[in-house]
Enquirer: 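Encoded as structure tokens, here's the structure I'll be asking about.
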Amino acid sequence: MLLRTLLTPYDTMILLTELPSSTANACYKDAADLHAELEEYPQAIALYEQVANGSLSSALTKYSVKEYWLRSSLCALAMAVRVGRSIRLE
């Protein structure tokens with residue numbers, strides 16, 4: 001429950017106009033990690049994809065893009081497993 005109460009202020013404090021893109025991407029990655037831990041997979045997927053797309057523009061961060069796409073894919077798989085499990089229970 002503590003993570004859930006901390007997540008909303010964490011998401012809203014990020015202002016892209018005031019943060020460099022690498023710092024914003026780090027914050028978005030942390031927020032995506034929290035969403036994934038709370039099993040809020042659609043939000044996590046959107047944030048991981050945003051971080052991956054933002055990382056493509058920098059020569060230093062473009063090597064991390066595979067990791068972000070992998071995390072996004074794992075969240076999509078976890079979401080599909082959860083949906084399949086709920087269908088089997090019905």
Enquirer: Find the distance between CG (Asp33) and CG (Leu47) and round it off to the nearest 0.5 Å.
Expert: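 Reported to 0.5 Å precision, the distance equals 9.5 Å.
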Enquirer: Indicate whether any N or O donor in one side chain lies under 3.5 Å from an N or O acceptor in the other, for Asn25 and Tyr68.
Expert: no
Enquirer: Got Leu74 and Trp69 here, is their nearest side-chain heavy-atom distance under 4.5 Å?
Expert: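 They are not in side-chain contact.
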Enquirer: Can you name the nearest heavy-atom pair linking Ala36 to Ala44, along with the distance?
Expert: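 Scanning both residues, the minimum pair turns out to be N-CB, 3.7 Å.
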Enquirer: Please report the interatomic distance SG(Cys27) to NZ(Lys29), rounded to the nearest 0.5 Å.
Expert: 11.0 Å
Enquirer: So, the side chain of Ser55 versus the backbone of Val51: is there a donor-acceptor pair under 3.5 Å, distance only?
Expert: yes
Enquirer: Is the shortest heavy-atom distance from the side chain of Tyr41 to the side chain of Glu39 under 4.5 Å?
Expert: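 When only atoms from C-beta onward are counted, Glu39 and Tyr41 do touch, with a gap below 4.5 Å.
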Enquirer: If I compare all heavy atoms of Ile45 with all of Ser72, which pair ends up nearest, and what's the gap?
Expert: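 Shortest heavy-atom separation between Ile45 and Ser72 comes out as CG2-OG, 3.4 Å.
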Enquirer: When you look at Gln43 and His35, which way does the side chain to side chain donor-acceptor pair (under 3.5 Å) test go after all the steps?
Expert: CA-CA 6 Å; Gln43 295 91 337; His35 278 295; 4.7 Å; no
Enquirer: Distance check, rounded to the nearest 0.5 Å: Leu70 atom CG versus Glu67 atom CD?
Expert: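 Taking CG in Leu70 and CD in Glu67, the distance rounds to 7.5 Å.
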